[in-house]
2 protein chains.
Amino acid sequence: MSKASDQAYEELRSRILSGELAPGTQLKEEELATLCGVSRTPVRAAIRQLEAELFVRRTDSQRSFVAEWNNDDLEEVFVLRGMLEAYAVRRAATRANASVISGLNAANEAMRTVIEALDFDLPAYLAANARFHALILETAASDRLASLLGKLVLQPVVQQTVRAYSREQLLRSYREHVEITTALAQRDPDWAEALMTAHIRRALHARLEPAEG
Amino acid sequence: MSKASDQAYEELRSRILSGELAPGTQLKEEELATLCGVSRTPVRAAIRQLEAELFVRRTDSQRSFVAEWNNDDLEEVFVLRGMLEAYAVRRAATRANASVISGLNAANEAMRTVIEALDFDLPAYLAANARFHALILETAASDRLASLLGKLVLQPVVQQTVRAYSREQLLRSYREHVEITTALAQRDPDWAEALMTAHIRRALHARLEPAEG
DNA sequence: GAGGACTATTTAGTATACAAAGCACTTTCT
DNA sequence: AGAAAGTGCTTTGTATACTAAATAGTCCTC
């Protein structure tokens with residue numbers, strides 16, 4: 001995409017994530033065009049993109065709304081994401097080199113630093129987490145897999161998941177990342193896959209049952 | 001989508017499937033607009049749709065080309081499709097009712113009829129095959145899963161796969177469908193899943209090594 | 001003759017005006 | 001009063017003209 005399309009996309013995406021455009025809100029092209037300071041054309045492109053990424057749903061009569069999430073949707077996304085990320089990490093295990101491993105270690109260190117800090121820096125945590133998963137996906141070297149996962153790694157979901165985490169759960173998640181990294185360094189696809197499956201599954205349950213700590 | 005967009009989409013899709021728009025061909029909006037008898041706007045929408053479905057790939061500089069397929073791409077798609085269809089049939093196993101089972105049986109019967117006929121009717125075979133898989137997907141009742149699989153059930157691939165099949169292989173595929181149907185009727189998710197995984201995996205190998213019969 | 005920059009041509013992106021389709025409200029008929 | 005049809009308003013779809021970017025081809029320089 002180009003300038004105006006990107007602008008519209010970023011603008012809408014961030015407003016959806018922040019909740020300014022709440023779930024269920026109807027997205028009207030003209031209104032959004034004014035909001036983003038571009039014409040309807042790039043707004044249309046942005047909406048279609050967000051629709052492909054499941055941030056937006058479309059009715060039969062072609063009207064767009066900010067997607068709403070119930071527990072079934074949530075479980076569905078986590079299960080699918082679990083399958084695909086497990087496959088990704090399996091592929092990554094046979095492709096990871098020293099530079100990948102050190103990249104993963106760096107992301108893990110960043111995450112630990114955030115967790116151990118006195119005031120919790122959510123954006124930094126999310127960035128480190130995203131870097132870890134993105135690096136694995138990149139190492140898996142599968143365009144199609146990346147394209148599918150792109151539609152499932154839904155930031156609002158992850159965000160809420162992290163909010164629901166206690167510090168102990170965050171630490172546990174960090175340790176899982178470290179162990180996955182070890183499995184990759186050992187080039188053990190089975191180990192990596194099993195760990196990733198458990199990792200994603202734990203995130204689902206953390207999200208379904210609010211943290212107790 | 002609406003009239004012009006649909007028209008452009010169908011037009012382009014069928015020309016890609018037929019090979020008239022060969023893999024590697026650059027898709028130029030203006031040219032295609034003339035071809036489809038609509039303006040560039042709906043053509044753009046159609047191209048983006050085909051891109052999401054992986055029929056079309058896009059370069060960094062936003063130019064579009066008909067996707068080319070090598071064996072790695074093929075394997076990747078089959079593996080991903082295998083995972084997702086296995087999950088679909090697992091869900092379907094707990095949701096299938098009598099009407100679903102009879103629908104699957106009908107598709108299977110249609111497939112058998114085509115295989116046993118003297119001159120092989122490829123479109124009829126593909127239709128029966130598609131009906132079987134579509135019905136399972138529908139029974140799985142997961143919008144997101146459907147959306148992901150929609151991007152992977154690539155007709156050109158399936159088409160070539162069937163061409164590569166010998167009559168014996170076709171019969172084997174038919175029998176697998178029958179057995180999957182039985183597993184669903186028994187509401188046995190594990191059985192259904194294992195069968196589906198094997199079914200898709202066999203299709204991959206049939207495609208990779210041309211038929212000997 | 002090769003490399004690099006400039007220009008022309010091709011192609012995609014954007015804005016805008018107009019057309020068509022939905023939706024909601026009102027009004028009318030039973 | 002309820003249902004159905006009509007009408008106007010809202011929203012999306014399409015065409016087209018214009019803008020920006022990228023590519024390829026040419027010419028100049030070394």
Side-chain angles (χ1 to χ4, degrees), chain A residues 1-16 19-68 143 146-147 150-151, chain B residues 1-16 20-68 143 147 150-151:
Chain A
M1 280 197 230
S2 192
K3 199 163 143 271
S5 298
D6 273 338
Q7 185 179 331
Y9 173 81
E10 294 298 338
E11 193 82 32
L12 296 184
R13 187 172 186 278
S14 78
R15 278 170 203 256
I16 289 173
E20 192 176 337
L21 287 170
T25 308
Q26 182 173 1
L27 298 174
K28 300 170 194 173
E29 295 177 359
E30 197 123 26
E31 188 179 310
L32 300 177
T34 310
L35 186 76
C36 301
V38 298
S39 81
R40 273 179 56 208
T41 311
V43 167
R44 284 173 69 80
I47 290 179
R48 292 193 113 98
Q49 183 64 31
L50 291 164
E51 188 196 344
E53 292 166 0
L54 304 174
F55 283 111
V56 167
R57 69 163 232 282
R58 222 173 165 84
T59 64
D60 301 333
S61 59
Q62 307 296 84
R63 280 163 162 76
S64 299
F65 298 83
V66 178
E68 300 177 273
D143 286 349
S147 139
K151 300 185 192 347
Chain B
M1 281 196 230
S2 190
K3 197 162 144 274
S5 298
D6 274 338
Q7 184 179 332
Y9 173 80
E10 294 298 338
E11 193 83 31
L12 296 184
R13 188 174 186 276
S14 78
R15 277 171 204 256
I16 290 173
E20 191 176 336
L21 287 170
T25 308
Q26 183 172 2
L27 297 174
K28 300 170 194 173
E29 296 179 356
E30 197 124 26
E31 187 179 310
L32 299 177
T34 310
L35 186 76
C36 301
V38 297
S39 83
R40 273 178 57 209
T41 311
V43 167
R44 283 173 69 78
I47 290 178
R48 290 192 115 97
Q49 182 64 32
L50 291 164
E51 188 197 345
E53 293 167 0
L54 305 173
F55 283 111
V56 167
R57 71 164 230 282
R58 223 173 163 83
T59 65
D60 300 333
S61 60
Q62 307 297 82
R63 281 166 161 72
S64 300
F65 298 83
V66 178
E68 300 176 275
D143 285 350
S147 141
K151 300 184 191 350

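Chain letters run A, B, ... following the sequence lines, proteins first, then strands; residues in each count from 1.
- Note: CD1 (Ile47(B)) to C1' (dA12(C)) measures 10 Å, nearest angstrom.
- Following rounding to the nearest Å, Asp6(B) (CG) and dG13(D) (C1') show an atom-to-atom distance of 12 Å.
- Nucleic acid contact class of Ser61(A) (heavy atoms, under 4.0 Å, all strands): sugar-phosphate only.
- The two residues Gly24(A) and Phe65(A) have their closest heavy-atom pair at O-CD2, 3.4 Å.
- Spacing between atom CZ of Arg48(A) and atom P of dT12(D) amounts to 11 Å, rounded to whole angstrom units.
- Side-chain N or O atoms of Gln7(B) include one that pairs as donor or acceptor with a backbone N or O of Cys36(B) at under 3.5 Å.
- Proximity of Ser5(B) to the phosphate of dT14(D): a side-chain N or O atom is located under 4.0 Å from OP1 or OP2.
- Ser64(B) pairs in a side chain to side chain donor-acceptor pair (under 3.5 Å) with only one of the listed residues (Arg57(B), Arg48(B), Gln26(B), Arg58(B)), which is Arg58(B).
- Side chain of Arg63(B), nearest nucleotide from dC18(D), dG13(D), dT10(C): dT10(C).
- Across residues 25-34 of chain A, not one residue has a non-hydrogen atom less than 4.0 Å from an atom of DNA chain C.
- The nucleotide whose nearest atom lies closest to any side-chain atom of Arg40(B) is, among dA12(C), dG13(D), dT16(C), dA12(C).
- Atom CD in Gln7(A) sits about 16 Å away from atom P in dG13(C), given to the nearest Å.
- Nearest heavy atom pair, residue Glu29(B) against residue Val43(B), reads O-CG1, 3.9 Å.
- Leu12(A) places none of its side-chain heavy atoms less than 4.5 Å from the side chain of Leu27(A).
- Contact detail for Ala8(A) and Val38(A): the closest heavy-atom pair is CB-CG2, 4.3 Å.
- Going from atom CD of Gln62(A) over to atom P of dT12(D) covers 10 Å, rounded to whole Å.
- If you measure from atom NZ of Lys3(A) to atom P of dA21(D), you get 8 Å, rounded to the nearest angstrom.
- At whole-Å resolution of the value, CZ in Arg44(B) and P in dA15(D) are 14 Å apart.
- Take the nearest nucleotide of DNA chain D for Thr59(B) and for Thr41(A): the residue whose nucleotide is more 5' is Thr41(A).
- Taking every heavy atom of both residues into account, Ala46(A) and Ser5(A) meet most closely at CB-O, 4.2 Å.
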